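These notes are about the structure you will find just below.
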Amino acid sequence: MSEQNERKFNECCLLRECGLKLKLSTTTIGSALLCFHKLHQFEKNNTLNHKIETKICGCLFVIAKGCEEPRRVRDVLNVVYNTISPEQRIHLDHDLPKLKMEIIPDKTS
């Protein structure tokens with residue numbers, strides 16, 4: 001398996017693990033994986049490049065909401081960041097608002 005395919009496989013496993021921790025159904029997790037693949041294809045054809053945490057959070061949050069299994073963005077962020085790096089905690093006072101803006105841009109600006 002090439003290095004790029006192995007990295008993508010590990011990212012998909014990470015997304016699946018986060019979906020299971022959020023207690024999402026397998027249908028919702030599968031839809032989030034499909035969304036993740038489409039986002040990856042879109043980024044490959046454009047100059048956009050987001051952090052893996054942002055991509056996983058966005059896919060899980062949007063698809064869970066669309067599949068009638070909504071989760072708070074705070075819960076999704078906590079699960080994803082704690083799964084990726086358990087030793088590094090999110091500081092809710094100053095990290096969370098900035099991270100939320102990466103997932104859900106402010107429509108007023």
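The structure displayed is predicted, hence computed values, not measured ones.
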Closest non-hydrogen atom pair, [X] against [Y]:
X	Y	answer
Ala32	Leu15	CB-CD2, 3.9 Å
Val79	Cys18	CG1-O, 3.7 Å
Leu39	Cys59	CD2-SG, 4.3 Å
Ile29	Gly19	CD1-C, 3.6 Å

Can you name the residues that form a side-chain hydrogen bond (donor to acceptor under 3.5 Å, both in side chains) with His40, not counting sequence neighbours?
-> none
Not counting sequence neighbours, which residues clear side-chain hydrogen bond (donor to acceptor under 3.5 Å, both in side chains) with Glu69? List them please.
-> Ser25, Thr28
Quick one: which residue pairs count as a salt bridge (charged side-chain N to carboxylate O under 4.0 Å, His left out) with a foot in residues 11-35, not counting sequence neighbours?
-> Arg7-Glu11, Glu17-Lys21
Which residues satisfy the side-chain contact (heavy atoms from CB on, under 4.5 Å) test with Ser2, sequence neighbours excluded?
-> Gln4, Asn5
Just jot down the side-chain contact (heavy atoms from CB on, under 4.5 Å) partners of Cys13, sequence neighbours excluded, or say none.
-> Phe9
Validation row: Phe36, Leu14 side chains within 4.5 angstrom (heavy atoms) | no
Any Arg71 side-chain heavy atom under 4.5 Å of Leu24 side chain | yes
With sequence neighbours excluded, tell me which residues meet salt bridge (Lys or Arg N to Asp or Glu O under 4.0 Å) with Lys38.
-> none
When Ile63, Ile56, Val62 are each screened for side chain to side chain contact (heavy atoms under 4.5 Å, CB included) with Leu60, the one that passes is Ile56
